Protein chains: 2
Amino acid sequence: MNTLSYGLLSLLSKDSRTGYELMQHIQPFWPAKHSQIYPLLAQLEQKGYVEFVHVVQSDKPDKKVYSLTEAGLKALQEWIGLPTDPPVTRDEFALKIYCIGLVNKEEALKMLVERASYYKGKKERFMESFEKVKGQSEKPLEELEFHDPMFANYVLVKKAMLKVDADLHWCEWMRSKLKS
Amino acid sequence: MNTLSYGLLSLLSKDSRTGYELMQHIQPFWPAKHSQIYPLLAQLEQKGYVEFVHVVQSDKPDKKVYSLTEAGLKALQEWIGLPTDPPVTRDEFALKIYCIGLVNKEEALKMLVERASYYKGKKERFMESFEKVKGQSEKPLEELEFHDPMFANYVLVKKAMLKVDADLHWCEWMRSKLKS
DNA sequence: AGTTGCATGTAAGAGGTTACATGATTTC
DNA sequence: GAAATCATGTAACCTCTTACATGCAACT
């Protein structure tokens, strides 16, 4: 049982989902390809932590909808209590910035503009998620209680927004540095 | 040539360093163990991108001090111009927050306090780095020019600080949410 | 006396990406 | 007509971690 496996259980604790959907929704927290997820789901099923039903579709390919079992829920709860690994980030851009003096200012500025627009796109998508969460919640988001199923969605979008804002802020600050 | 290999060249473009030192200094941008770095250095040497001198020490183990060659510099400059991969973060804590409603408020609060103190420690270390950079620079940091060798150190510590501040801010905001 | 830091390296195994394979429907 | 979306799966390959191996000096 690796972290990604527990991550899949975590998502399944809220909704039954297909492997494809799990792959899409786990990206913000733990990027993974379908080729990694499908074998893990088979393992989780063998362990009795998840179960699935075949759903036949006419317009789209047939699918397997997975759900969490009682044993899976138990395993998930135990994992939450275990020590948590610190987040790991690998940032190629930062490595390039380290030796940015090797290129001219114009090229450096071009790189920063590109990176800033990447973060702007990311921010827009988070803002859409935020609006989506707002739409799905009955209460105003600030009033959501700990046990509300929407609580986690709200606080995690908030987390993502704070981070992307910090990244964007740094990009803009860098751009002003390079223009002068 | 993978990203880590270019990262090593990037560090070597500023100072000649041992594999051990490279391992220590690349952590903030691209975490890696010595067991990954030593073989890559051997590869880089075979490609002619780096060279090393044996340095015999009496009190400590002997070491190999690597430096960038002309060919290495050229490879490094070409890499900077290539498209840059987006940063990748894997965050076990976020996966746990997603299903945090499975445990009680007290346990959740405990987890957040722990995570906040982790970020506080990180912030302190970044503030030390900041002071170190300040001490090594003749000019006030805000006046550092693009081509100053200290410029990259300054802007990268700034980047790290903005990010850790965002993380800490989220932790504290979460704590206030859970106390009410 | 035991741990940490310096310093290098290899081997085995786990984790993750890319490519191959299939196939219908919808959008540009 | 080409690309993207849905949907599953396997195989080969690359990346990364853990463990093994050695040894001295400094600190607790």
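Values in this document were obtained by computation on a predicted structure and should not be read as measured data. Within every chain, numbering begins at 1; the chains are lettered A, B, ... in the order of the sequence lines, protein sequences first and strands thereafter.
- In this structure, B/Lys33 places its NZ atom 17 Å from C1' of C/dA11, rounding to the nearest Å.
- Ring pair B/Trp173/A/Tyr154 is perpendicular by interplanar angle, where above 60° counts as perpendicular and below 30° as parallel.
- Rounded to an integer number of Å, the gap from CE of B/Met23 to C1' of D/dC16 is 14 Å.
- Separating the CD atom of B/Gln43 from the C1' atom of C/dT10 is a distance of 14 Å, rounded to the nearest angstrom.
- Salt bridge annotation for B/Lys110-B/Glu107: absent, with no cationic side-chain nitrogen under 4.0 angstrom from a carboxylate oxygen.
- When each of C/dG16, C/dG9, D/dT10 is scored by its nearest atom to the side-chain atoms of A/Leu4, the top-ranked nucleotide is C/dG16.
- Checking the phosphate oxygens (OP1, OP2) of C/dA7, no side-chain nitrogen or oxygen of B/Gln24 falls inside 4.0 Å.
- Closest to the B/Tyr20 side chain, of the nucleotides D/dT10, D/dG9, C/dC6, is C/dC6.
- Regarding A/Ile26, its CD1 atom lies at a distance of 14 Å from the P atom of C/dG15, rounded to whole Å.
- Between the CD1 atom of B/Ile37 and the P atom of C/dA7 there is a distance of 14 Å, rounded to whole Å.
- With salt bridges taken as basic N to acidic carboxylate O contacts below 4.0 Å, one links B/Asp91 and A/Lys159.
- Put simply, CG on B/Asn2 is 13 Å from C1' on C/dT17, counting in whole angstrom units.
- When rounded to the nearest whole Å, the span between CZ of B/Phe29 and C1' of D/dC16 equals 20 Å.
- The nearest pair of heavy atoms linking A/Lys96 to B/Ile80 is NZ-O, 3.4 Å.
- Applying the ring pair (Phe, Tyr, Trp, His ring centres under 6.0 Å) rule to A/Phe52 yields the partners A/His54, A/Tyr66; only residues at least two apart in sequence or on another chain are considered.
- When the side-chain nitrogen and oxygen atoms of A/Lys63 are compared with OP1 and OP2 of D/dA7, one or more of them lie within a distance under 4.0 Å.
- Taking only side-chain nitrogens and oxygens, A/Gln36 comes nearer than 4.0 Å to OP1 or OP2 of C/dG16.
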**Message:** For a quick check, with a 4.0 angstrom heavy-atom cut-off, what is the B/S/- contact string for nucleotides 20-28 of chain D, read 5' to 3'?
**Reply:** ---B-S---
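- At the phosphate of C/dG15, neither OP1 nor OP2 sits under 4.0 Å from any side-chain N or O atom of A/Trp30.
- Between B/Lys134 and B/Glu131, at least one side-chain N (NZ, or NE/NH1/NH2) sits under 4.0 Å from a carboxylate O, which counts as a salt bridge.
- Considering only side-chain N and O atoms, A/Tyr38 lies nowhere under 4.0 angstrom from the phosphate OP1 or OP2 of D/dG9.
- For the pair A/Met1 and B/Leu41, both in contact range of DNA chain C, the more 5′-proximal nearest nucleotide belongs to B/Leu41.
- A cation-pi arrangement, defined by a distance under 6.0 Å to the six-membered ring centre and an angle within 45 degrees of its axis, is absent between A/Lys158 and B/Trp170.
- Put simply, the side chain of B/Thr18 and the base of C/dT8 share no donor and acceptor less than 3.5 Å apart.
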**Request:** Could you give me the CA-CA distance, side-chain angles and deciding distance for A/Arg175 and A/Glu172, then say whether salt bridge (charged side-chain N to carboxylate O under 4.0 Å, His left out) is met?
**Result:** CA-CA 5 Å; A/Arg175 281 173 71 178; A/Glu172 301 297 351; 3.5 Å; yes
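- We find that CG of A/Leu8 is positioned 13 Å from P of C/dG15, with the value rounded to whole Å.
- Phosphate contact (OP1/OP2 of C/dT25, side-chain N/O of A/Gln57, threshold under 4.0 Å): absent.
- Close to C/dG15, at under 4.0 Å from its OP1 or OP2, lies no side-chain N or O of B/Arg90.
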